[in-house]
Amino acid sequence: MTALPTGPLSLGQPLRFHQTAFVVRDLDAAVRQWADELGIGPWSVFTMRPPQLHDTVYHGESVPFGIRHALAWSGEVQFELVEPLEGPSIFADQLESIGEGPNHIGVVVEDHAAASANVFERGFVPLQSARFGASEDGLFAYFQPPGISTIVELIHPPSVRFAPDYIYP
């Protein structure tokens, strides 16, 4: 696995994406299909909802939400599959409007606050965010870039993760 760029962004610095994510209706079936038919895996599957998620925000409002997600690597690209569970989310919105499919691309950042401020200054619209991890110091935030039809996620991984629900295969 290649080390990911983690430095803080400065205005005008390109983002270095490493993750592509898809929304699915049935995470367990999708994990098996992506592994068995595409050869991507192993998948680590997690359930994230309060109390694992903190400071949950959706379109500027503090509201709880929950998701199940799975992560796997294929070469230097991390794939994420996301199934919404409860509460409003960009994932539930997508399932209701256009169904399953691509949702966002993600980039790891060292200084989440500075990176978020940077993309906001560039005109990106904040959509959803939360704090996560067993250490409660992980952060993710989703933004809609101006004039581009994909969502961008800024990720600051937690220093201590929860154990996955399961790994497949």
Side-chain angles (χ1 to χ4, degrees), residues 1 4 17-109 112 116 124-145 148-158 160-169:
M1 190 176 344
L4 300 174
F17 295 98
H18 82 282
Q19 181 193 76
T20 185
F22 298 79
V23 175
V24 299
R25 293 186 192 282
D26 181 336
L27 185 70
D28 299 312
V31 162
R32 287 189 306 275
Q33 187 174 32
W34 283 62
D36 298 347
E37 294 181 21
L38 298 176
I40 298 172
W43 291 90
S44 296
V45 177
F46 302 88
T47 302
M48 294 175 46
R49 55 169 44 117
Q52 292 90 2
L53 289 180
H54 306 272
D55 304 327
T56 52
V57 175
Y58 171 76
H59 290 289
E61 293 188 32
S62 178
V63 294
F65 59 84
I67 62 170
R68 291 182 68 222
H69 78 129
L71 300 170
W73 289 91
S74 179
E76 294 183 16
V77 177
Q78 183 183 57
F79 285 89
E80 179 180 29
L81 303 174
V82 183
E83 174 189 354
L85 294 176
E86 66 259 346
S89 71
I90 61 172
F91 312 111
D93 293 347
Q94 178 176 326
L95 284 180
E96 290 174 20
S97 64
I98 61 170
E100 294 182 309
N103 180 264
H104 68 269
I105 53 177
V107 61
V108 171
V109 296
H112 199 271
S116 294
F124 289 44
V125 176
L127 303 174
Q128 184 167 350
S129 61
R131 191 165 43 88
F132 71 105
S135 53
E136 300 182 16
D137 60 350
L139 298 163
F140 63 78
Y142 300 97
F143 294 86
Q144 181 66 60
I148 299 175
S149 64
T150 193
I151 295 169
V152 171
E153 179 185 20
L154 301 180
I155 309 157
H156 178 77
V160 179
R161 296 181 180 273
F162 287 106
D165 299 342
Y166 70 92
I167 296 173
Y168 181 85

Under the side chain to side chain donor-acceptor pair (under 3.5 Å) rule, what do Glu153 and Tyr142 come out as? Steps first, then yes or no, please.
CA-CA 4 Å; Glu153 179 185 20; Tyr142 300 97; 3.3 Å; yes
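- When each of Trp43, Tyr166, Tyr168 is tested with Asp28 by the rule side-chain hydrogen bond (donor to acceptor under 3.5 Å, both in side chains), just one qualifies, namely Tyr166.
- Put simply, the side chain of Arg68 never gets that close to the backbone of Glu83: no donor and acceptor are under 3.5 Å apart.
- Looking at Asn103, its side chain never comes within 3.5 Å of a backbone N or O of Val23 through a donor-acceptor pair.
- The two atoms that bring Ile40 and Trp73 nearest to each other are CG2-O, 4.4 Å, heavy atoms only.
- No donor-acceptor pair under 3.5 Å is formed between the side chain of Gln19 and the backbone N or O of Glu80.
- If you look at Phe162 and Phe46, their ring centroids are not closer than 6.0 Å.
- With hydrogens and angles disregarded, a donor-acceptor distance shorter than 3.5 Å links the side chain of Ser135 to the backbone of Val160.
- At least one donor-acceptor pair closer than 3.5 Å links the side chain of Glu100 to the backbone N or O of Arg25.
- When each of Leu27, Val45, Asp26 is checked for a side-chain contact (heavy atoms from CB on, under 4.5 Å) with Leu81, only Leu27 meets the rule.
- Closest heavy-atom contact between Gly133 and Pro158: CA-CB, 3.7 Å.
- How far CZ of Arg131 is from CG of Asp55: 4.0 Å, rounded to the nearest 0.5 Å.
- Without hydrogens or angle criteria, Ser74 side chain to Val77 main chain gives no donor-acceptor distance under 3.5 Å.
- The backbone N or O of Val109 lies less than 3.5 Å from no partner atom in the side chain of His112, so there is not a single donor-acceptor pair.
- Panel note: side chain Gln94, backbone Gly99; a donor-acceptor pair is recorded below 3.5 Å.
- A donor-acceptor distance shorter than 3.5 angstrom exists from the side chain of Thr56 to the backbone of Val63, with no hydrogens or angles considered.
- Below 30°, between 30° and 60°, or above 60°: for Phe22 and Phe79 the angle between ring planes is below 30°, a parallel geometry.
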